[in-house]
**Q** 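Structure provided below as structure tokens; questions to follow.
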Amino acid sequence: MPDVRVMMYKPLAMATSIGGGVLAGAVFNQLWKRVGPNRPKPEPRDLAQSTRDVLVAAAFQGLIFGVVKAGVDRATAKGFQKVTHTSPE
């Protein structure tokens with residue numbers, strides 16, 4: 001039977017993952033304002049936007065999301081291990 005501490009990791013990881021997604025969105029919005037001041041983020045369904053701009057914005061957003069998610073997941077696992085002295089896996 002799995003350790004109760006490890007079973008508690010799943011809800012903790014889910015909550016921090018949601019928080020990480022919100023954080024990634026905020027980071028992207030702030031960086032987009034600096035990269036393209038006075039330019040709204042290109043929306044994929046807005047055919048007035050160039051395909052290149054839409055794809056660059058999506059790649060930039062995906063990069064930020066991936067880095068923030070990995071950082072949050074890693075910090076959560078390390079914090080869990082530090083508190084419980086148990087690996088979350």
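Note that the coordinates shown come from a computational prediction; the quantities given were computed from them, not determined experimentally.
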**Q** Mind listing the closest non-hydrogen atom pair of V54 and P42 along with its distance?
**A** CG2-CB, 3.7 Å
**Q** Nearest 0.5 Å, what's the NZ-CG distance between K10 and L12?
**A** 12.0 Å
**Q** Mark yes or no for whether T86, through its side chain, and T84, through its backbone, hold a donor-acceptor pair below 3.5 Å.
**A** yes
**Q** For F28, give me all partners under ring-ring contact (aromatic ring centres under 6.0 Å, His included), at least two apart in sequence or on another chain.
**A** W32, F60
**Q** Show every ring pair (Phe, Tyr, Trp, His ring centres under 6.0 Å) that has at least one partner inside residues 61-82, sequence neighbours left out.
**A** Y9-F80
**Q** Give a yes or no on whether V22 and V68 share a hydrophobic cluster (residues Ile, Leu, Val, Met, Phe, Trp, Tyr; joining criterion: side-chain heavy atoms under 4.5 Å apart).
**A** no
**Q** Are the side chain of N29 and the backbone N or O of G25 linked by a donor-acceptor pair below 3.5 Å?
**A** yes
**Q** Per the side-chain hydrogen bond (donor to acceptor under 3.5 Å, both in side chains) rule, what does the pair list look like for residues 66-77, sequence neighbours excluded?
**A** T16-T76, K69-D73
**Q** How many angstroms lie between CD1 in I64 and CD in Q30, if you round to the nearest 0.5 Å?
**A** 11.0 Å
**Q** Can you tell me how far the CD atom of Q49 sits from the NZ atom of K41, to the nearest 0.5 Å?
**A** 10.5 Å
**Q** Group every Ile, Leu, Val, Met, Phe, Trp and Tyr by side-chain heavy-atom contacts under 4.5 Å, then state whether V56 and L31 land in the same group.
**A** no
